[in-house]
Visitor: 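Pasting in a structure now, in structure tokens, and then I'll have a few things to ask.
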Amino acid sequence: MSDRFFPFLTKPVPYEGPDSDNPMAFKWYDAKRKIAGKTMEQHLRFAVCYWHTFKGTGADPFGGPAHERPWNAASDPLQRARDTMDAAFEFFRKLGVPFWCFHDRDIAPEGATVSESNANLEALVQHAKKLQKETGVRLLWGTANLFSHPRYAHGAATSPDPLVFAHACAQVRRALDATVELGGTGYVFWGGREGYSMLYNTDMKQEADQFARFLFMAHEYAQKIGFKGRFFIEPKPKEPSTHQYDYDAATVLGFLSRYNIDFVDLNIENNHATLAGHSFAHELMVASQAGRLGSLDINRGNPLLGWDTDQFPTVLEDAVWAMHIILDQGGLKYGGLNFDAKVRRGSFDLEDLFYAHIGAMDTFARALIIADRMRKDGLRAKWLAERYAGWKKDFGSKVLKGQVTLEEAELYAIKEGEPKRRSGREELFENIVNQYLYDRGLR
Ligand code: XLS
Ligand code: NI
Ligand code: NI
């Protein structure tokens with residue numbers, strides 16, 4: 001493999017440990033280091049996202065592209081797509097990540113017709129297959145971009161026009177083919193335009209029925225072509241739609257049970273959680289406790305801005321929660337940690353792409369060490385056991401087994417009198433967690 005696009009780095013990013021001052025080295029991410037029986041690489045399952053890292057331009061609503069990339073030099077769109085992919089695999093290899101993720105339109109340009117688009121995609125999938133073989137990098141999940149083309153202005157699967165729905169089906173069919181061909185274990189549905197901007201012209205029930213049908217059709221096809229992975233819905237409350245149907249984890253779980261859909265798990269994104277007015281930990285917990293936490297997009301938002309800023313994750317406490325919950329549920333079988341993050345508009349150097357990913361990987365590696373230590377010391381398990389102890393004993397456990405009537409509960413309250421008040425000890429728990437975050441967990 002060549003050094004064509006990132007010549008400033010001729011060897012993969014090394015692990016040098018916490019005392020290193022080398023910006024192109026890992027301080028915490030040591031791929032083969034074992035934690036709780038598995039290597040860091042196996043726990044974290046990092047995936048670089050193609051769209052932000054290689055297709056991102058630094059554009060924002062107030063200014064066009066600000067990032068010049070050497071892989072965009074060719075004038076022929078297919079050549080540009082191949083160069084971009086070569087750059088991507090050079091990057092994956094040098095960064096040392098095991099996985100990548102893409103939308104159909106990230107890797108291959110849309111053609112003038114459905115058949116032309118399919119042919120473009122197929123050509124680039126074959127190129128990816130070759131590069132995967134050469135580098136050992138694997139596909140985590142694939143997806144279709146059902147939000148950029150003008151035809152999707154009123155939604156894709158939830159469009160009022162069945163022909164638009166058919167175009168969405170055409171894309172998903174080929175994106176599923178690509179995912180299977182490249183060995184992906186996940187397939188994501190993020191519905192940026194599956195929502196509405198006003199209710200005067202929107203029939204929510206009709207659109208929900210359409211979306212459910214769409215998922216059943218996709219599932220049936222995936223089975224047919226031998227897809228062995230899982231589908232994931234990625235909740236987000238808004239942006240670009242005013243209101244998105246997959247609002248948050250709880251809303252999606254409700255939708256799945258309303259339509260009896262058992263073949264979809266959730267892909268939880270940090271910045272979407274905060275846009276919905278939740279914390280990342282809340283969304284992860286809701287999904288995990290329902291047995292449906294499949295994968296994570298680990299970017300973060302900016303508390304001072306109200307939109308999806310997709311920043312690289314550098315906040316340790318968020319990452320510790322994520323790793324704690326992932327360890328609690330025994331890992332991520334089909335998913336992983338996809339960055340879904342972009343460098344800032346002002347960070348236009350190619351080196352910035354490495355710094356961003358290195359920092360994110362170190363944050364999560366450190367979080368894994370800390371979460372493992374917190375779990376081994378039994379912190380949260382102990383706090384929960386103490387707090388809910390009553391539910392394990394006679395009256396509490398009988399209630400849960402359905403052996404107590406409302407009148408019997410009243411008699412119990414009369415007999416026992418006023419409950420003893422117990423402190424929630426929030427400040428104490430925060431102090432203890434801080435000890436782990438900043439000191440104990442790392443020793
Ligand atoms: C946008 C989403 C998108 C999905 C994939 O906000 O995060 O990037 O992850 O379509
Ligand atoms: Ni995302
Ligand atoms: Ni997002």
Side-chain angles (χ1 to χ4, degrees), residues 45-57 59-61 99-108 110 139-149 152 155-158 168 171-172 174-176 178-179 184 186-195 211 214-215 218 230-249 252 264-278 280 283-284 287 293-302 305-313 318 322 332 334-344 360:
R45 297 169 64 79
F46 285 121
V48 171
C49 96
Y50 206 92
W51 52 103
H52 288 315
T53 299
F54 306 105
K55 303 296 287 179
T57 63
D60 69 17
F99 295 106
W100 65 301
C101 297
F102 70 94
H103 300 87
D104 52 356
R105 300 299 183 246
D106 304 333
I107 62 168
E110 175 127 14
L139 177 67
L140 185 66
W141 51 256
T143 186
N145 178 331
L146 304 179
F147 42 89
S148 294
H149 194 283
Y152 298 125
T158 62
Q171 269 188 255
V172 167
R174 301 295 162 167
L176 279 167
T179 302
Y187 185 87
V188 165
F189 293 86
W190 169 64
R193 309 246 177 229
E194 314 295 19
F211 186 51
F214 184 67
L215 291 173
R230 286 290 280 179
F231 280 2
F232 305 131
I233 284 182
E234 182 178 322
K236 183 173 183 180
K238 56 187 166 192
E239 198 202 86
S241 303
T242 309
H243 177 96
Q244 273 164 223
Y245 294 134
D246 299 328
Y247 196 94
D248 60 1
V252 174
V264 176
D265 289 340
L266 303 188
N267 179 39
I268 300 296
E269 175 164 321
N270 190 348
N271 205 167
H272 297 180
T274 47
L275 277 178
H278 303 306
F280 193 25
E283 287 293 88
L284 293 169
L293 175 60
S295 204
L296 282 68
D297 278 2
I298 56 172
N299 58 29
R300 71 178 163 95
N302 185 324
L305 295 172
W307 67 87
D308 203 8
T309 58
D310 290 332
Q311 286 168 240
F312 276 85
D318 279 359
L332 300 167
Y334 299 100
L337 307 184
N338 170 40
F339 297 101
D340 202 353
K342 57 186 177 222
V343 288
R344 300 302 86 197

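The structure presented is a predicted model; accordingly, all values stated were derived computationally and were not measured. When a ligand or atom number is given, it counts from 1 through the structure's own listing order.
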Visitor: What atom name does the N, O or S atom of Glu234 nearest to the Ni ion (ligand 2) carry?
Guide: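 Of all N, O or S atoms in Glu234, the Ni ion (ligand 2) lies closest to OE2.
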Visitor: Any heavy atom of Val188 sitting closer than 4.0 Å to ligand 1?
Guide: no
Visitor: Closer than 4.0 Å to some heavy atom of Asp340 - which atoms of ligand 1 meet that?
Guide: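 Ligand 1 atoms under the 4.0 Å threshold to Asp340: 2 (C), 3 (C), 4 (C), 7 (O), 8 (O), 9 (O).
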Visitor: Assess the side chains of Glu194 and Tyr152: does a donor N or O sit below 3.5 Å from an acceptor N or O?
Guide: no
Visitor: What is the distance from atom OH of Tyr245 to atom OG1 of Thr158, rounded to the nearest 0.5 Å?
Guide: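 That separation rounds to 5.5 Å.
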Visitor: Tell me whether Asp310 has at least one N, O or S atom under 2.8 Å from the Ni ion (ligand 3).
Guide: no
Visitor: Any nitrogen or oxygen of Trp190, main chain or side chain, under 3.5 Å from a nitrogen or oxygen of ligand 1?
Guide: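 Checking ligand 1 against Trp190, no N or O pair falls under 3.5 Å apart.
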Visitor: If you consider just the N/O/S atoms, which atom of Asp340 is the closest one to the Ni ion (ligand 2)?
Guide: OD2
Visitor: What's the spacing between Phe189 CZ and Leu146 CG if we round to 0.5 Å?
Guide: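 If we round to the nearest 0.5 Å, Phe189:CZ and Leu146:CG are 8.5 Å apart.
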Visitor: Please check whether Trp141 reaches ligand 1 - meaning an N/O of the residue sits under 3.5 Å from an N/O of the ligand, judged on distance alone.
Guide: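 The answer is no, given that Trp141 and ligand 1 share no N or O pair closer than 3.5 Å.
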Visitor: His272 and Tyr247: ring-ring contact (aromatic ring centres under 6.0 Å, His included), yes or no, with the steps?
Guide: CA-CA 9 Å; His272 297 180; Tyr247 196 94; over 10 Å; no
Visitor: Name whichever N, O or S atom of Glu269 ends up nearest to the Ni ion (ligand 2).
Guide: OE1
Visitor: For atom 2 (C) of ligand 1, grab the closest protein heavy atom and report residue, atom and distance to one decimal in Å.
Guide: Glu234 OE2, 3.3 Å
Visitor: Closer than 4.0 Å to some heavy atom of His103 - which atoms of ligand 1 meet that?
Guide: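 Counting from 1, the qualifying ligand atoms are 5 (C), 10 (O).
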Visitor: With heavy atoms under 4.0 Å as the rule, classify the contact between Glu239 and ligand 1 as side chain, backbone, both or neither.
Guide: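 No part of Glu239 comes within reach of ligand 1.
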Visitor: Using only N, O or S atoms, tell me which atom of Asp297 is closest to the Ni ion (ligand 2).
Guide: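 Going by distance to the Ni ion (ligand 2), the closest N, O or S atom in Asp297 is OD2.
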Visitor: So if I apply the side-chain hydrogen bond (donor to acceptor under 3.5 Å, both in side chains) rule between Asn270 and each of Asp297, Asp340, Asp318, Asp310, which one comes out positive?
Guide: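 Exactly one candidate clears the test, Asp318.
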Visitor: Using distance alone, determine whether Trp51 and ligand 1 share an N or O pair under 3.5 Å.
Guide: yes
Visitor: Applying the ring-ring contact (aromatic ring centres under 6.0 Å, His included) test to Tyr50, which of Trp141, Phe102, Trp100 qualifies?
Guide: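 Of all the options given, the one that passes is Trp100.
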Visitor: Between the Ni ion (ligand 3) and Asp308, which N, O or S atom of the residue is the nearest one?
Guide: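 That would be atom OD2.
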Visitor: Going by the order shown, which atoms of ligand 1 are within less than 4.0 Å of some heavy atom of Lys236?
Guide: 1 (C), 6 (O)
Visitor: So, regarding His52 and ligand 1 (criterion: nitrogen or oxygen to nitrogen or oxygen, under 3.5 Å), is there a contact or not?
Guide: no
Visitor: Within the 4.0 Å heavy-atom shell around Asp297, which atoms of ligand 1 are there?
Guide: 9 (O)
Visitor: Mind checking the CG-CD spacing from Asp248 to Glu283? Nearest 0.5 Å is all I need.
Guide: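 Asp248 atom CG to Glu283 atom CD measures 5.0 Å (nearest 0.5 Å).
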Visitor: In terms of side-chain geometry, is the basic nitrogen of Lys55 or Asp106 positioned less than 4.0 Å from the acidic oxygen of its partner?
Guide: no
Visitor: To the nearest 0.5 Å, how far apart are OH in Tyr187 and CG in Leu140?
Guide: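 It is 14.0 Å, given to the nearest 0.5 Å.
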Visitor: Rounded at 0.5 Å granularity, tell me how far CG in Leu305 sits from CG in Asp308.
Guide: 11.0 Å
Visitor: Kindly give the heavy-atom pair with the smallest separation between Arg344 and Thr309, and that separation in Å.
Guide: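 Looks like NH2-O, 2.7 Å.
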Visitor: Backbone, side chain, both or neither: what part of Asn267 comes under 4.0 angstrom of ligand 1, heavy atoms only?
Guide: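 Asn267 to ligand 1: no contact under 4.0 Å from either part.
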